[in-house]
Amino acid sequence: QVQLVESGGGLVQPGGSLRLSCAASGSSFSIYNMAWYRQAPGKQRESVASITRDGSPVYADSVKGRFTISRDNAKNTVYLQMNSLKPEDSAVYYCNAFRTLREYWGQGTQVTVSS
């Protein structure tokens with residue numbers, strides 16, 4: 001089993017930055033691919049960024065160039081650095097760990113981009 005706990009969300013003005021963290025415990029973090037998803041009210045949950053166990057990132061077009069996903073296997077933590085935030089980025093952000101036949105979700109952290 002893997003437990004995921006997100007942190008770092010909050011209220012930020014357009015153009016600002018936040019760094020989200022997802023701390024994993026309970027199993028071997030390094031064997032999992034990791035991803036960040038987000039879900040705004042009334043919308044489908046969408047993938048924002050993912051990173052393989054080896055550290056190769058993939059980004060949604062909507063965040064490419066603004067967000068950076070990274071992981072520190074020694075700390076069992078994945079990060080999402082969010083720069084140049086837009087109101088459209090407002091959502092609950094969820095951390096996801098996945099491998100064949102398994103996936104785990106964190107509880108989510110709220111990000112609100114508003115002036």
Side-chain angles (χ1 to χ4, degrees):
Q1 300 294 324
V2 175
Q3 289 75 234
L4 304 172
V5 180
E6 301 98 332
S7 62
L11 175 65
V12 65
Q13 294 185 0
S17 298
L18 285 173
R19 189 177 79 155
L20 306 183
S21 299
C22 174
S25 63
S27 191
S28 299
F29 176 78
S30 63
I31 70 174
Y32 289 91
N33 305 290
M34 303 295 297
W36 288 96
Y37 285 73
R38 67 187 182 188
Q39 187 168 29
K43 294 187 176 181
Q44 299 275 61
R45 187 172 297 188
E46 63 175 348
S47 177
V48 176
S50 63
I51 186 166
T52 69
R53 58 192 293 178
D54 296 323
S56 298
V58 176
Y59 300 97
D61 287 343
S62 59
V63 307
K64 191 174 183 179
R66 299 188 297 121
F67 291 11
T68 302
I69 188 171
S70 61
R71 67 189 296 163
D72 187 336
N73 288 345
K75 296 181 179 179
N76 286 4
T77 302
V78 63
Y79 305 95
L80 186 67
Q81 178 66 47
M82 305 185 295
N83 299 325
S84 301
L85 283 162
K86 305 174 181 179
E88 307 91 85
D89 297 318
S90 297
V92 177
Y93 283 71
Y94 297 92
C95 182
N96 173 258
F98 63 101
R99 57 191 291 249
T100 303
L101 302 179
R102 302 271 187 173
E103 69 173 358
Y104 302 93
W105 294 91
Q107 82 291 343
T109 185
Q110 178 71 51
V111 172
T112 303
V113 184
S114 177
S115 59

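By convention here, the first residue in the shown sequence is residue 1. All values reported here derive from a predicted model rather than from experimental measurement.
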Taking all non-hydrogen atoms of both residues into account, name the closest pair between [X] and [Y] and its distance.
X: A60; Y: S47; answer: CB-O, 3.5 Å
X: V113; Y: S90; answer: N-OG, 2.8 Å
X: N33; Y: T52; answer: OD1-CA, 3.3 Å
X: M34; Y: V78; answer: CE-CG1, 3.8 Å
X: D72; Y: F29; answer: O-CE2, 4.1 Å
X: L4; Y: A24; answer: CD2-CB, 3.6 Å

Is there a path from [X] to [Y] through hydrophobic residues (I, L, V, M, F, W, Y) whose side chains come within less than 4.5 Å of each other?
X: I51; Y: Y104; result: yes
X: V2; Y: Y94; result: no
X: V48; Y: V111; result: yes

Report the C-alpha distance between L11 and S114 in whole Å, list the side-chain angles of each, state the deciding distance to 0.1 Å, and finish with yes or no for side chain to side chain contact (heavy atoms under 4.5 Å, CB included).
CA-CA 7 Å; L11 175 65; S114 177; 4.3 Å; yes
Disulfide bond (SG atoms under 2.5 Å apart) pairs touching residues 61-93, sequence neighbours excluded, are none
Could you list all the disulfide bond (SG atoms under 2.5 Å apart) pairs where at least one residue sits in residues 31-115, not counting sequence neighbours?
C22-C95
Main-chain N/O of N73 paired to S30 side chain as donor or acceptor, under 3.5 Å:
no
Please write out which residues are connected to F98 in a hydrophobic cluster, directly or through intermediates, given that two of Ile, Leu, Val, Met, Phe, Trp, Tyr count as joined at side-chain heavy-atom separations below 4.5 angstrom.
none
Please round to the nearest 0.5 Å and tell me the distance separating atom [atom1] of [X] and atom [atom2] of [Y].
X: S50; Y: I69; atom1: OG; atom2: CD1; result: 6.5 Å
X: L80; Y: T68; atom1: CG; atom2: OG1; result: 8.0 Å
X: L20; Y: T77; atom1: CG; atom2: OG1; result: 12.5 Å

Pairs in or reaching into residues 36-77: which pass ring pair (Phe, Tyr, Trp, His ring centres under 6.0 Å), with residues at least two apart or in two chains?
Y37-W105
Do any pairs count as a salt bridge (Lys or Arg N to Asp or Glu O under 4.0 Å) and have a residue in residues 82-103, sequence neighbours left out, and if so which ones?
R38-D89, R66-D89
Under the side-chain hydrogen bond (donor to acceptor under 3.5 Å, both in side chains) rule, what pairs show up with a residue in residues 2-24, not counting sequence neighbours?
E6-Q107, S17-N83
